[in-house]
S.K.: 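Okay, here's the structure, questions in a sec.
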Amino acid sequence: GGALLASGTLAAVLVTPLAASADASSGTVNIVAYSTPAPAFASLIKAFNKTKAGKNVTFTQSFGASGSQSKAVLAGQPADIVNFSLSTDMTRLVPKDVMAGWNGNPTTKGMIADSVVVFVVPKGNPKHITKWADLIKPGIRVFTPNPFSSGSARWNIMAAYGAEIKLGKSPAQAQAYLTSLLKNTVVQGSSAANEFQAFIADSGANKNDVFLDYEDDAIQAKRAGQKINYVIPKQTLLIENPIALTNAGSNNAAAVAFYSFLLSPTGQTDWAKLGYRPVLPAIASKTRYLFTHPQQLFTIGSLGGWGTVATQFFSTSTSSPGIVTQIESQLGQATS
């Protein structure tokens, strides 16, 4: 019953944002999020502060590797709104910090925005990188964060694995591909933001560099004048990033108002303009022209969902380590 009640409450918040935000024009909202949407939140907060509900609302913001941010909230870091890369980083907080019905809205299922995994390359794509097979060629230098701190890295790895399956390969062949891919990695930073810095620092000199990243991050970087291009491979993974009001946030009128704004048609249109694929169907179809739609897009659900995938690929249990845990250990990469 709790979950039903919770999702009902969230639905009510979404349908009547004005009622919820009548007394929200002051107060402070604590945002704790994964590293990539920092620039997006700067823009969305500005837009919200211009509305009646958001006029005098102030914000504290914390951005970092998704897994680390989730653990920080669990350890007591104040948070009203949490936005992570992976749903497993959200479920870790249930029920202590986030209600069980956080993903109960039938339209959004707890997600704030979608994206896809792309290849970021030096401007002009000097090595003509177009497909997954190109990433395991000798001499190609692959940048992806470490999957034991970064949510982005887990999306990247599962995009690579799922792409091989889409290409008709067996699970064993797809695992062999992951080994070759991770062998070609030169830096595995703690978060997507750190990894991007490493890639940018290196790619000026090295034309062999490829960075696996969120499409939205690549769009932002291009707009900011970075000398990059990005390639959307034919087979890629739909990235779905979760958001929730925490138990504290549910009792903070300003947080409820901002959460409603982020999921409103206005907020979702803003997300789209910032390079994120909207989760509201009406806004997704209105802004469809802004995005390329890959021929063989697949979801994490098609690979068993994050609950299954997290164990099968990333478990750090010593008795039954995950597939990627084993590969990373053999390569001498950190797995804790």
Side-chain angles (χ1 to χ4, degrees), residues 36 85-87 111 113-122 125-138 140-145 147 150-185 188 192 195 199 208-219 221-222 228-241 275-279 284 288-310 312-314 322-324 327:
T36 305
S85 174
L86 303 175
S87 55
M111 302 301 148
D114 291 339
S115 195
V116 296
V117 174
V118 302
F119 307 155
V120 181
V121 291
N125 193 2
K127 291 293 168 186
H128 311 294
I129 303 289
T130 59
K131 52 189 189 294
W132 289 97
D134 295 336
L135 304 189
I136 60 170
K137 286 180 175 166
I140 295 298
R141 299 160 56 89
V142 175
F143 287 70
T144 180
S150 163
S152 161
R154 294 193 176 196
W155 286 113
N156 295 343
I157 287 169
M158 296 319 297
Y161 179 88
E164 294 305 297
I165 300 293
K166 276 276 181 206
L167 287 161
K169 307 284 175 62
S170 70
Q173 288 172 313
Q175 282 182 42
Y177 176 87
L178 288 186
T179 303
S180 305
L181 179 71
L182 289 165
K183 264 189 187 148
N184 268 6
T185 59
Q188 289 193 17
E195 194 68 21
F199 168 78
N208 297 0
D209 290 357
V210 185
F211 173 39
L212 292 172
D213 196 21
Y214 303 101
E215 174 192 44
D216 48 77
D217 205 17
I219 290 171
K222 252 195 110 155
I228 60 147
N229 287 109
Y230 64 94
V231 175
I232 302 178
K234 261 184 202 167
Q235 306 78 18
T236 192
L237 180 55
L238 180 72
I239 294 171
E240 300 163 286
N241 299 130
Y276 293 74
R277 298 179 181 227
V279 291
R288 195 178 159 81
Y289 70 94
L290 293 171
F291 302 98
T292 300
H293 300 276
Q295 288 176 358
Q296 293 182 286
L297 187 64
F298 54 95
T299 65
I300 201 70
S302 71
L303 299 172
W306 275 120
T308 302
V309 164
Q312 190 186 349
F313 287 84
F314 304 103
I323 292 162
V324 173
I327 298 170

S.K.: Determine the minimum heavy-atom distance between R277 and P294, stating which atoms define it.
M.R.: NH1-CD, 4.3 Å

S.K.: Would you say the side-chain atoms of N241 pair up with the backbone N or O of S85, donor to acceptor, closer than 3.5 Å?
M.R.: yes

S.K.: Testing the basics here: between M111 and V279, what is the closest heavy-atom pair and its distance to 0.1 Å?
M.R.: O-CG2, 3.5 Å

S.K.: In Å, rounded to the nearest 0.5 Å, how long is the span from CH2 of W155 to OG of S150?
M.R.: 12.0 Å

S.K.: Please round to the nearest 0.5 Å and tell me the distance separating atom OG of S302 and atom CG of L238.
M.R.: 10.0 Å

S.K.: Nearest 0.5 angstrom please: E195 CD to D213 CG, how far?
M.R.: 9.0 Å

S.K.: Give me the atom names and distance for the closest heavy-atom approach of L212 to N156.
M.R.: O-ND2, 3.1 Å

S.K.: Tell me the closest heavy-atom pair linking D114 and P278, and the distance in Å.
M.R.: OD2-O, 4.5 Å

S.K.: Please examine the side chains of I327 and Q175, heavy atoms only from C-beta on, and report whether any two atoms are closer than 4.5 Å.
M.R.: no

S.K.: Under 4.5 Å between any side-chain heavy atoms of P147 and R154, yes or no?
M.R.: yes

S.K.: Would you say that K222 contacts N229 through its side chain, given a criterion of any heavy-atom pair below 4.5 Å between the two side chains?
M.R.: yes

S.K.: Do you know the tightest heavy-atom contact between L135 and V210?
M.R.: CD2-CG1, 3.6 Å

S.K.: Starting at CG of D216, measure out to CZ of F291 and round the result to the nearest 0.5 Å.
M.R.: 8.5 Å

S.K.: Any side-chain heavy atom of K137 sitting closer than 4.5 Å to one from K127?
M.R.: no

S.K.: Could you walk me through whether L237 and F298 pass the side-chain contact (heavy atoms from CB on, under 4.5 Å) check?
M.R.: CA-CA 5 Å; L237 180 55; F298 54 95; 3.7 Å; yes

S.K.: Quick one: CD on E240 to OG1 on T299, what's the gap to the nearest 0.5 Å?
M.R.: 6.5 Å

S.K.: Do L297 and H293 have side chains that approach each other closer than 4.5 Å (heavy atoms only, starting at C-beta)?
M.R.: no

S.K.: Using side-chain heavy atoms (C-beta onward) and a distance below 4.5 Å, is V117 in contact with Y214?
M.R.: no

S.K.: Please say which of V142, T144, D209 ends up in a side-chain contact (heavy atoms from CB on, under 4.5 Å) with F199.
M.R.: D209

S.K.: Answer yes or no: is there a side-chain heavy-atom contact under 4.5 Å between V324 and L178?
M.R.: yes

S.K.: How are the rings of F314 and W306 set relative to one another: parallel (under 30°), tilted (30 to 60°) or perpendicular (over 60°)?
M.R.: tilted

S.K.: Taking atom CD as the centre, does Q296 end up with more than 12 heavy-atom neighbours from other residues, nucleotides or ligands that are less than 6.0 angstrom away?
M.R.: yes

S.K.: Starting from the C-alpha separation in whole Å, work towards a yes-or-no answer on side-chain contact (heavy atoms from CB on, under 4.5 Å) for L181 and I157.
M.R.: CA-CA 9 Å; L181 179 71; I157 287 169; 5.5 Å; no

S.K.: How many angstroms lie between atom NZ of K166 and atom OH of Y161, to the nearest 0.5 angstrom?
M.R.: 13.5 Å

S.K.: How close do P122 and P126 get, heavy atom to heavy atom, and via which atoms?
M.R.: O-CD, 3.4 Å

S.K.: When you compare the side chain of Y276 with that of I219, does any pair of heavy atoms fall below 4.5 Å?
M.R.: no

S.K.: The criterion is salt bridge (Lys or Arg N to Asp or Glu O under 4.0 Å); which residues satisfy it with K183, sequence neighbours excluded?
M.R.: none

S.K.: Given F119, which of Y230, W132, F143 fulfils the ring-ring contact (aromatic ring centres under 6.0 Å, His included) condition?
M.R.: W132

